[in-house]
Amino acid sequence: MGPVGPADAYVFTAERGGTLRTSNFRVKVWLPAVRAAGLAPLRPHDLRHTAVALWIAAGANPKEVSVRAGHTSVSFTLDRYGHLLPGHDAELRNRLDAMHAEGLKGTADGAVFELRPPPSESGPPGR
C-alpha cells in the first residue's frame, strides 16, 4: 500500500499510474491477494452480496438496501435478497404483540383502543 492520495484518487492504479483496467486488476491484484488470504474462489461481486447481507442483518429496510446498492427498484432487491428476510416476520409479530400489550396497559377491562379515532358521525370533512 502506498501513501494516501487525494479523496478523488484511484485506490488501485496501473504500474505506471493512471487507470487500472478491470482485467489487469483481477489478474495482478485481486487473484493473488485472494489466493494469499486463502479465500479462493472469492469474486469482487461477492463483496457486494456480503455488504447487502450485512445491511439486512443490521435491520435496514428494503428501500434503504435498494438505494445503497444502487438497484433500480425495491422489487429487484426483494427478488434477489428476500431469502435473507425470513426471520423478520417473527420480529414483526413480536413488535405487534408488544404494541398490543402496551395498548392493554392502564385499562381496567383490558379493552383495546383504535389507533385512529372513528370518523365523526357527521361524516368525513368536506361533506
Side-chain angles (χ1 to χ4, degrees):
M1 303 247 342
V4 176
D8 62 347
Y10 293 112
V11 175
F12 299 102
T13 59
E15 288 180 33
R16 297 183 200 155
T19 306
L20 179 64
R21 291 188 1 219
T22 302
S23 60
N24 286 340
F25 170 78
R26 194 168 179 80
V27 171
K28 293 181 178 184
V29 177
W30 182 262
L31 292 176
V34 167
R35 286 187 196 112
L39 298 173
L42 185 69
R43 304 167 302 155
H45 199 78
D46 294 332
L47 299 179
R48 178 180 174 81
H49 289 289
T50 299
V52 170
L54 289 171
W55 299 334
I56 291 169
N61 67 51
K63 179 64 175 174
E64 292 169 321
V65 173
S66 181
V67 169
R68 278 183 172 259
H71 294 157
T72 55
S73 71
V74 174
S75 297
F76 177 86
T77 304
L78 290 170
D79 288 345
R80 181 65 51 115
Y81 297 101
H83 66 284
L84 297 175
L85 298 166
H88 289 227
D89 185 56
E91 292 171 19
L92 175 60
R93 285 194 312 269
N94 291 339
R95 290 192 306 267
L96 289 170
D97 287 345
M99 287 173 59
H100 180 255
E102 187 64 31
L104 294 176
K105 285 183 182 176
T107 58
D109 60 356
V112 176
F113 296 96
E114 294 288 330
L115 295 176
R116 286 187 261 176
S120 67
E121 293 191 34
S122 61
R127 284 194 172 174

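One-based numbering along the sequence shown. These numbers were taken from a predicted model, which means no experiment stands behind them.
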Taken in chain and number order and not counting sequence neighbours, the residues that satisfy side chain to side chain donor-acceptor pair (under 3.5 Å) with Thr19 are Tyr10

* Who passes side chain to side chain donor-acceptor pair (under 3.5 Å) against Arg43, sequence neighbours left out? ->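 With sequence neighbours excluded, Arg43 shows a side chain to side chain donor-acceptor pair (under 3.5 Å) to Asp46, given in chain and number order.
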
Q | Steps toward side-chain contact (heavy atoms from CB on, under 4.5 Å) verdict (Asp97, His100) | A | CA-CA 5 Å; Asp97 287 345; His100 180 255; 5.5 Å; no

Subject >> Pairs meeting criterion salt bridge (charged side-chain N to carboxylate O under 4.0 Å, His left out) with involvement of residues 7-23, two or more places apart >> reply: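 Found Glu15-Lys28.
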
Applied to residues 66-84, the salt bridge (charged side-chain N to carboxylate O under 4.0 Å, His left out) test, sequence neighbours excluded, yields none

Q.
Any side-chain to backbone donor/acceptor pair from Trp30 onto Leu42? Under 3.5 Å, distance only.
A.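 Yes, Trp30 side chain to Leu42 backbone: donor-acceptor pair under 3.5 Å.
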
So ring-ring contact (aromatic ring centres under 6.0 Å, His included) across residues 35-54, not counting sequence neighbours, yields His45-His49, His49-Tyr81

Output for pair (Leu31 CG, Leu39 CG), nearest 0.5 Å, gives 12.0 Å

In terms of heavy-atom contacts, Val27 and Pro32 come closest through O-CD, 3.2 Å

Kindly list each side-chain donor-acceptor pair under 3.5 angstrom involving residues 51-61, sequence neighbours excluded, with atom names and distances?
{"residue": "Asn61", "atom": "OD1", "partner": "Lys63", "partner atom": "N", "Å": "2.9"}
{"residue": "Asn61", "atom": "OD1", "partner": "Glu64", "partner atom": "N", "Å": "2.8"}
{"residue": "Asn61", "atom": "ND2", "partner": "Glu64", "partner atom": "OE1", "Å": "3.4"}

Thr72 meets the side-chain contact (heavy atoms from CB on, under 4.5 Å) criterion, sequence neighbours left out, with none

Worksheet entry | Val65 reachable from Val67 in the ILVMFWY side-chain graph, under 4.5 Å edges |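 Looking at the clustering, Val65 is in a separate group from Val67.
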
